[in-house]
Amino acid sequence: MIAARRYGLVPKAVILLPLTGVTLYDESRADKQPILRWKREVHLALVGPLVNLVLGLMAAATIAGSRANIELWKWPFLQGHQLARSVVWANFYIAALNLLPAYPLDGGRIVRVYFARSLDVASATRRAVSISSAIAMVFIFAGLFSDSWLTMVGVIVFSAAQLEERALVFQSVLDNVRLEEVMLTDFATLSPADTLEDALEKAVHSLQDDFPVVRGSDMVGVISRQRILDALRAEGNGYVQAVMSKIFDVSLRQDSLGSAFRKLTARSSSIIPVVEDQRLVGIVTLQNLMHSMALLAESRKLRRDETLDQ
C-alpha cells in the first residue's frame, strides 16, 4: 500500500482470502497515461513477492547467525514445531504463489500488462482471467490426487479471478451508463413547511428512503426517512426545514454512474438529485444505484456470454 500511494492510488478496501488478498484502489488521482499506468502495475506487482523474499532471506540469515540447531533444508519445510524454519519457507512459498501467472495474483497482473500492449483493458483482463481459471482447475484436480493444499490454492485462485472479473463488469457499468438510464423519475418530494409527522406519513406510503425537499420549483434540501424518525424521537414534532440537510451535491442526467457514486461516498450521503436546466428531473439513491448496478452488470455479463456462444 505504501508503494501504491507513491503512484497516487488510495486503497479503498482489502478483500482478504485465505492465502492472499485483493486490494481495491481509488484511481481518481492516479496517472491515466497508458504507458505509465502499466509501468506502475508491474512495479506494484513485483513489490509484494519481493517483500516476501526479503523477509524469508532475513529470517534465514537470522537463523544462520544464531547458530541454532535448525535444518533449513529438511523436509517438510513447514512444521508446527519448527516455527523458525516455517517462517522462512512460508515467505518463500507466498512469494512463489504470488508470482504464478494467475490473475489477480501478482504474476497474473504482469500477464495482463503484456496482453494490454495490444488489447484494451477489459479484453486483457478477461484473457488473464481465462488463464487464471485454467491454472486454478489444474491445481484443483492435481490436489485431488496428491496434496489437498493444491486444491485449496486452486479454489482460492479461481474465486479471486471471478471476483476480479465481476469487478471489471461493475467498473464498465460505472463508466459507461448514464444517470438518465437509471434515475428515478417517479418520486415523492417534501416541502420545508411540512411537519415531521406529515413527512413520516408520506414516507410510510412511499418506497423511498430519501426525499428531496422542494420549495416551489427550487430544491432546498434533502432528508432521509431515518432522519425524520430520529428527529421525532429526540425533539418531537417540528418542521422538515429545521432538520433537513441543506448541503448536497447534484448531478446532470448525462453524468456517469461512477461520478454519482463518488459524490455519494464523498459526502456519505444516500441521495443525488438529477437536474436539467436547474430543474429537478430525477433522483438517484444509494439503494437504487446499487440495485441498478447489479442488474446492469448481470445483463452485460449475459450479453457477453451470448456473444461468445455465437
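Because the structure is predicted, anything quoted here is derived from the model rather than measured.
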Just grab all the salt bridge (Lys or Arg N to Asp or Glu O under 4.0 Å) pairs involving residues 130-151, residues at least two apart or on different chains.
-> none
Under the side chain to side chain contact (heavy atoms under 4.5 Å, CB included) criterion, do S132 and V157 qualify, and how do the steps go?
-> CA-CA 7 Å; S132 176; V157 169; 3.3 Å; yes
Which residue pairs pass the side chain to side chain donor-acceptor pair (under 3.5 Å) test with at least one member in residues 227-240, sequence neighbours excluded?
-> Q226-D230
Distance-only criterion, 3.5 Å: show the donor-acceptor pairs between side-chain atoms of residues 195-202 and protein atoms not counting sequence neighbours.
from : atom 1 : to   : atom 2 : distance (Å)
T195 : OG1    : D198 : N      : 3.1
T195 : OG1    : D198 : OD2    : 3.1
E201 : OE2    : H205 : NE2    : 3.0
K202 : NZ     : D194 : OD2    : 3.1

Got a sec, which residues hit ring pair (Phe, Tyr, Trp, His ring centres under 6.0 Å) with F92, two or more places apart in sequence or on another chain?
-> W89
Work out which heavy atom in V213 is nearest to a heavy atom in S191; give both atom names and the distance.
-> CG1-C, 3.8 Å
Enumerate the residue pairs fulfilling salt bridge (Lys or Arg N to Asp or Glu O under 4.0 Å) with a member in residues 79-92, sequence neighbours excluded, ordered by first and then second residue.
-> none
Sort and list the pairs that fulfil salt bridge (Lys or Arg N to Asp or Glu O under 4.0 Å) and have at least one residue in residues 203-217, not counting sequence neighbours.
-> D209-R225
Compare every heavy atom of L179 with every heavy atom of A260, then report the nearest pair and how far apart it is.
-> CB-CD2, 3.7 Å
What residues, two or more places apart in sequence or in another chain, satisfy side-chain hydrogen bond (donor to acceptor under 3.5 Å, both in side chains) together with T285?
-> N288
Gap separating the CH2 atom of W149 from the OH atom of Y93, nearest 0.5 angstrom | 11.0 Å
All N/O donor-acceptor pairs, side-chain side in residues 48-65, below 3.5 Å, sequence neighbours left out:
from : atom 1 : to  : atom 2 : distance (Å)
N52  : ND2    : N91 : OD1    : 3.1
T62  : OG1    : M58 : O      : 2.8

Would one find more than 12 heavy atoms of other residues, nucleotides or ligands at under 6.0 Å from atom CZ of F115?
-> yes
Which residues satisfy the side-chain contact (heavy atoms from CB on, under 4.5 Å) test with K263, sequence neighbours excluded?
-> D249, S251, D255, I272
Any donor-acceptor pair under 3.5 Å from S123 side chain to D120 backbone | no
Using the test side-chain hydrogen bond (donor to acceptor under 3.5 Å, both in side chains), find all partners of R178 that sit at least two apart in sequence or belong to another chain.
-> none
Please name all residues satisfying side-chain hydrogen bond (donor to acceptor under 3.5 Å, both in side chains) with T189, sequence neighbours left out, ordered by chain then number.
-> none
Distance-only criterion, 3.5 Å: show the donor-acceptor pairs between side-chain atoms of residues 138-146 and protein atoms not counting sequence neighbours.
from : atom 1 : to   : atom 2 : distance (Å)
S146 : OG     : A142 : O      : 2.7

Nearest heavy-atom approach of E276 to V281 is CB-CG1, 4.0 Å
Could you tell me whether a side-chain N or O of E41 sits under 3.5 Å from a main-chain N or O of V113, the two making a donor and an acceptor?
-> no
Locate the shortest heavy-atom distance separating R109 from P104; write the atom from each residue and the value.
-> NE-O, 3.3 Å
After noting the C-alpha distance and the side-chain angles of Y103 and V111, does the key distance pass the side chain to side chain contact (heavy atoms under 4.5 Å, CB included) rule?
-> CA-CA 8 Å; Y103 192 77; V111 170; over 6 Å; no
Does L252 belong to the same Ile/Leu/Val/Met/Phe/Trp/Tyr cluster as L184, with side-chain heavy atoms less than 4.5 Å apart forming each link?
-> yes
Assess whether side chain to side chain contact (heavy atoms under 4.5 Å, CB included) is satisfied between F187 and I271, documenting all intermediate values.
-> CA-CA 12 Å; F187 56 91; I271 181 172; over 6 Å; no
Considering all heavy atoms of both residues, which atom of M183 and which atom of G282 are nearest to each other, and what is their separation?
-> SD-CA, 4.1 Å
Work out which heavy atom in S206 is nearest to a heavy atom in F211; give both atom names and the distance.
-> OG-CE2, 3.8 Å
